[in-house]
Amino acid sequence: MSDNAPARPLRVAIIGAGPAGVYAADILAKSQDKSEHTFSIDLFDRYPAPFGLIRYGVAPDHPRIKGIVKALHKVMDRGDIRLLGNVDVGSDLTLEDLRHHYDAVIYATGAIRDAELDIPGIELEGSFGAADFVSWYDGHPDYPRDWPLEAEKVAVIGNGNVALDVARVLAKHAESMLTTEIPDNVYEGLAASPVNDVHVFGRRGPAQVKFTPLELRELAHSQDVDIVLYEEDFEFDEASDESIRTNNQVKTMVNTLTNWLVEQEERTEEASRRLHMHFLHQPVEILEGSGEQAGKVAGVRFERMELDGSGGVSGTGEYIDYECQAVYRAIGYFGSEVSGVPFDSRRGVIVNEAGRVIGDDGAHMPGTYATGWIKRGPVGLIGHTKGDALETVGCLLEDIHQLPPAASPEEQSIIELLESRGVEYTTWEGWLQLDQHEVGLGSEATSKGPVERERVKVVPRDEMVRISRQLDRDLG
Ligand code: NAP
């Protein structure tokens, strides 16, 4: 142990118990095997339950991704990372509180908001952000329980995996979602939806899509939903040919789309719902209805685009209007600012270099780090945040002798502070209780209903906290 290494464990707070936060906590905890230092790690989340975007961002019909929860559960179940849920950093705890109680803080707050789409009509009734809709169907406690699903024709803007998630959930018949963990209100809302046509619009071509092959192919497995493609959208320039030649993922997706285009000619039966995929359509305006429909979405105007040879597009000056009663923009997520932490409001990330948070003076803010989507923006699959966590924790370990020591590093002191402020924090034991409760609700529903339900999510925050805290009365 070096001379100035503290005799006590270093106290580290990680803010955000999504995959990014849990990976960082895991890597830090495991680094103790090779280090002279020991760590005492608190993992905070503003929600009563852990797992962030896996619980509140992954589509319920994606159990494969939900499987990642099993790995994260195993990490947390080891018992060397303390979960403190239902704690909002910013209101329940300030930055000063964190500095007072911890030697280092890692922000892993992710990105849950929708990126802005600055076109006329975006504020109309019936124009939604995909992230908000995802939060609704994933039973996010801070979102309204009702979602207006009144449209027969829907437009989804964007060609990423979120656009596919939203389009698939909107187009699917609700019965096929019942086996998942969707809350009852979500099932009932989807079951009453009058939707017939969901149109997905990408601004570039079929070789420039951002979604991934598995997620694309999955669209074809929705029962009684036809995929409809348009021959005039199948444009490929030099850059497209190059990526088809050199990138297997692009090649697979272009093949899939082209096969569907050919196969749709041979279709003998028509499904009751259609999922249309359009390319080379740039949204320019959301159109408003008239008379009784004033203030509401009546359609979207697109400019027809053409490929510019380098993978980009330019406008053709030709405009096309599509009738629809709802528009979902799925053009990317955006990070939220944590008060007092330097934020790049253009990119929606905490200002950082390799995970070290950089202050206005251009210097590293001692003991302050970022990881995951709030560090590098909302791109990449869940597994990629592991690489981020490795880099960030690596920086923290390099800086270990310069960390500003906490004034109150005792594990109990933060609990006393939360209790003195009346914060009803939840713990890992509390989550196990809630988890068990939700699985129990699933079995109950299975015994009454027509299908097997793996779990039924508890949505209201108060109820989540109440169930979680039944076991938690005397943490310390
Ligand atoms: P994304 O992959 O970045 O896709 C955003 C899409 O929006 C792109 O097609 C982009 O087009 C388009 N776009 C951006 N600005 C636009 C504008 N002004 N007008 C029209 N279109 C615009 O973002 P995402 O779909 O939100 O996904 C975020 C990350 O989560 C991705 O890494 C994704 O793979 C991951 N994810 C994975 C799954 C899964 O099931 N595996 C599910 C959900 C999310 P350009 O390409 O032309 O910019």
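We count ligands from 1, going down the list as the structure has it; atoms in each ligand are counted the same way. What you see is a predicted model, and the numbers here were worked out from it, not measured in a lab.
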- Task: Begin with the C-alpha distance, continue with both residues' side-chain angles, and end with the deciding distance and a verdict on salt bridge (charged side-chain N to carboxylate O under 4.0 Å, His left out) for Asp233 and Arg304.
- Result: CA-CA 10 Å; Asp233 291 346; Arg304 177 101 209 156; 3.0 Å; yes
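- Minimum heavy-atom separation, Glu463 to Val458: CB-CG1, 3.9 Å.
- A donor atom on one side chain and an acceptor atom on the other are not found under 3.5 Å apart for Arg273 and Asn196.
- Residues Ala130 and Asp114 approach most closely at N-OD1, 3.1 Å, considering heavy atoms.
- A parallel orientation is assigned to the rings of His199 and His276, their planes being inclined by less than 30° (bins at 30° and 60°).
- The shortest N or O to N or O distance between Arg204 and ligand 1 is under 3.5 Å.
- An N or O contact shorter than 3.5 Å links Asn161 to ligand 1 by distance.
- At a 4.0 Å cut-off, not a single heavy atom of Thr212 sits close enough to ligand 1 to count as contact.
- Contact detail for Thr371 and Ile374: the closest heavy-atom pair is O-CG2, 3.6 Å.
- In terms of protein heavy atoms, atom 25 (O) of ligand 1 is closest to Val162 N, 3.1 Å.
- The single protein non-hydrogen atom nearest to atom 15 (N) of ligand 1 is Arg203 NH2, 3.4 Å, given as residue, atom name and distance.
- The distance criterion of under 3.5 Å between nitrogen or oxygen atoms is not met by Ile157 with respect to ligand 1.
- Below 3.5 Å of separation, one finds no N or O of Trp373 facing any N or O of ligand 1.
- Protein heavy atom at the shortest distance from atom 32 (O) of ligand 1 is Gly380 N, 2.7 Å.
- Contact annotation: for Ala130 versus ligand 1, there are no heavy atoms closer than 4.0 Å.
- Heavy-atom proximity to atom 4 (O) of ligand 1, evaluated over Gly160, Gly377, Gly312, is greatest for Gly160.
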